[in-house]
Number of protein chains: 2
Amino acid sequence: MPRLFRTVRVRVLRDLDAEAAEDFLVAELGRRLVEVVARCRVRYEGRAESTLAEGDRVILFKPDGTLLVHSARGLKPVNWQPSGAVFHARRENGVLVVTSSRSAPKETVRMELVELHAVMSVELEDGAALALSGSEADLHAVLHARPDLVEPGFSVDGAERDTGRGPMDIVGTDERGRRVVVEVKRRAASVADVEQLRRYVERERAARAGVVRGVLLAPQVSGKARRYLDELGLECREVDWARAREAATTVRAAGQKSLAGWEA
Amino acid sequence: MPRLFRTVRVRVLRDLDAEAAEDFLVAELGRRLVEVVARCRVRYEGRAESTLAEGDRVILFKPDGTLLVHSARGLKPVNWQPSGAVFHARRENGVLVVTSSRSAPKETVRMELVELHAVMSVELEDGAALALSGSEADLHAVLHARPDLVEPGFSVDGAERDTGRGPMDIVGTDERGRRVVVEVKRRAASVADVEQLRRYVERERAARAGVVRGVLLAPQVSGKARRYLDELGLECREVDWARAREAATTVRAAGQKSLAGWEA
DNA sequence: AAATAAATATCGTGA
DNA sequence: TCACGATGTTTATTT
């Protein structure tokens, strides 16, 4: 039985030898979140292949079968495996070896833990979910509240998204009754985004008679993207989403105010 | 001065109160890799906004200014900040607050560490770089060695990529002397990939006279993508990259063998 | 610095 | 399960 320093949530392995660590990992992997700091070698085989020579890294094994191998620098783990992997710890010739395997796609990460610096496990109680705002779905809502942000006289035509012809962001009608396909981007738009719009516009033109306009709505549109839009007879409009959201909020607040007035 | 458990590489904070932790973090953040396990609240403001209610998480602060807030599940951190952020620890009304800020884009992550479970720092010695194979660049090399994998009679035209006409994956000539633009994908191809090919083919057609074919080379091509290719008069070919790499290796090995023979 | 495309992309959603 | 599109995408490369 491995000797531990314990607190309510944390178990820290006292003896950093391969045997004690093996026992600890066998007991904890897949059950609690395990952190290992170790000098290690890493090999990955699957969709691609990689090798990582000996060095110190921080390794996280989450109870859902997520693996993260982090070096001292950078956001991305140097090796990883998404949730669903199965962990296995054992000794080979006295060296502690941990593997993480998944199927679909079949992939394995093999870690040889040459020298252990720290081994611990944690019980994470967490009932909270991230509440995010400002994603593209939110911007769609903003445009429904303030269709004039596309252009004066523009109106959104119901849930056209679900008609099965193609998952267009927003379809509406302009001042002069012409159909308008709008592609919404929360970030700067590039040529690839122009092509996405082009595809939707072409499909819409094929599906129905009459003029169909295409508008790319983004905080910024690159020079090449602009030229490409020109070539294709498509348009763009730049939007400051922060300001647009405020505007939409104002509309909603004004609506509430008038409601309050009506109540009084 | 905070009291610590020390090993060669690791410093673990003994007293998990806000004051000791503040001292520890002020001393260690941005210098060594810091790990905090804590019940915390997180707020993010920048390109979007998010709030994360109280819960237990593992937080990594890397010396290069990378922040990772990991919950018990999933590969992606629930909150994060890429390298270059600046960390700041302080107490507000007795609660330990750590912020991570960057400019361009201006973004901040604010963590309120309500209850500390573990606080430690690590010195990571790591001179190794990841050696990866099987990425798209490798597949290009495979095709240069075995152009017949595109089709019999196909030959690759030098480093066309660098001639400034456009960043096409591979340009070559078919059996009948026609120009062929090849878009290489290591993964299953979708409509977006067809559009990328379409763009390159159109550019090539505009730039020179004569027929220009377009071929999408991928391990798999979705149904919609196939139909789209048909519409546009473009082609696709499915390739088993694992087998293709073997084939290319065989060619190279054969080349070495003949060289060895020539030496003898 | 700006733009373009890859990534062992991952992740959610909808059919 | 498959396919498509967003991501606070990030990262590398090239102009």
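Chain A is the first sequence line, chain B the second, and so forth, proteins listed ahead of strands; every chain is numbered from 1. This structure is a prediction, so every number in the text was calculated from the model and none was measured.
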Compare side-chain N and O positions of [X] against OP1 and OP2 of [N] and report whether any pair is under 4.0 Å apart.
X      : N      : value
A/W80  : C/dT10 : yes
B/K224 : D/dC2  : no
B/R47  : D/dT10 : yes
A/Y200 : D/dG5  : yes
A/R186 : D/dT9  : yes
A/K76  : C/dT8  : yes
B/R187 : C/dA6  : no
A/Q220 : C/dA2  : no
A/Q196 : D/dC4  : no

Take atom [atom1] of [X] and atom [atom2] of [N], then tell me their distance rounded to the nearest Å.
X      : N      : atom1 : atom2 : value
A/M168 : D/dC4  : CE    : P     : 16 Å
A/R73  : D/dT11 : CZ    : C1'   : 14 Å
B/Y44  : D/dG8  : OH    : P     : 8 Å
A/D193 : D/dT7  : CG    : P     : 11 Å
B/L139 : C/dA6  : CG    : C1'   : 12 Å
B/L67  : D/dT9  : CG    : P     : 17 Å
B/L68  : C/dT10 : CG    : P     : 16 Å
B/D64  : D/dT10 : CG    : P     : 14 Å

Rounding to an integer number of angstrom, what distance separates [N] and [M] when you compare their [atom1] atoms?
N     : M     : atom1 : result
D/dC4 : D/dG8 : P     : 22 Å
C/dA5 : C/dA9 : C1'   : 13 Å
C/dA7 : D/dA6 : C1'   : 15 Å

Atom OG in B/S101, atom CD in B/E45: separation rounded to 0.5 Å?
10.5 Å
From A/E195 CD over to A/R199 CZ, what is the distance, rounded to the nearest 0.5 angstrom?
9.0 Å
Any base atoms under 4.0 Å from [X], or only sugar-phosphate, or nothing? Heavy atoms, all strands.
X      : value
A/G223 : sugar-phosphate
A/K185 : sugar-phosphate
B/E45  : nothing

Read 5' to 3' with Watson-Crick or G-U pairs under 3.5 Å, [ ] for crossing pairs and | for partners on another strand, DNA chain C gives |||||||.|||||||
Do the charged groups of B/D126 and A/R73 touch, with an N to O distance under 4.0 Å?
no
Going by an N to O cut-off under 4.0 Å, is there a salt bridge joining A/E136 and A/R186?
no
Want to settle it: does A/V221 or A/N79 sit nearer the 5' end of DNA chain C, counting the closest nucleotide to each?
A/V221
Nearest-nucleotide wise, let me know which of B/S135 and A/S190 is further upstream toward the 5' end of DNA chain C.
A/S190
Closest heavy-atom pair and its distance - [X], [Y]:
X      : Y      : answer
A/K62  : B/G74  : NZ-O, 2.8 Å
A/N79  : A/L52  : OD1-CD2, 4.0 Å
B/L197 : B/V181 : CD1-O, 3.7 Å
A/Y228 : A/R198 : OH-NH1, 2.9 Å

Cut-off 3.5 Å, side chains only: do A/Q196 and A/Y200 have a donor facing an acceptor?
yes
Of the nucleotides [options], which has the atom closest to the [X] side chain?
X      : options               : result
B/R102 : D/dG8, C/dA6, C/dT4   : D/dG8
A/L75  : C/dT10, C/dA7, D/dT11 : D/dT11
B/L132 : C/dT8, D/dT7, C/dT4   : C/dT8

Using the closest heavy atom to pick a nucleotide of DNA chain D for each, name whichever of B/S83 or A/A137 lands nearer the 5' end.
A/A137
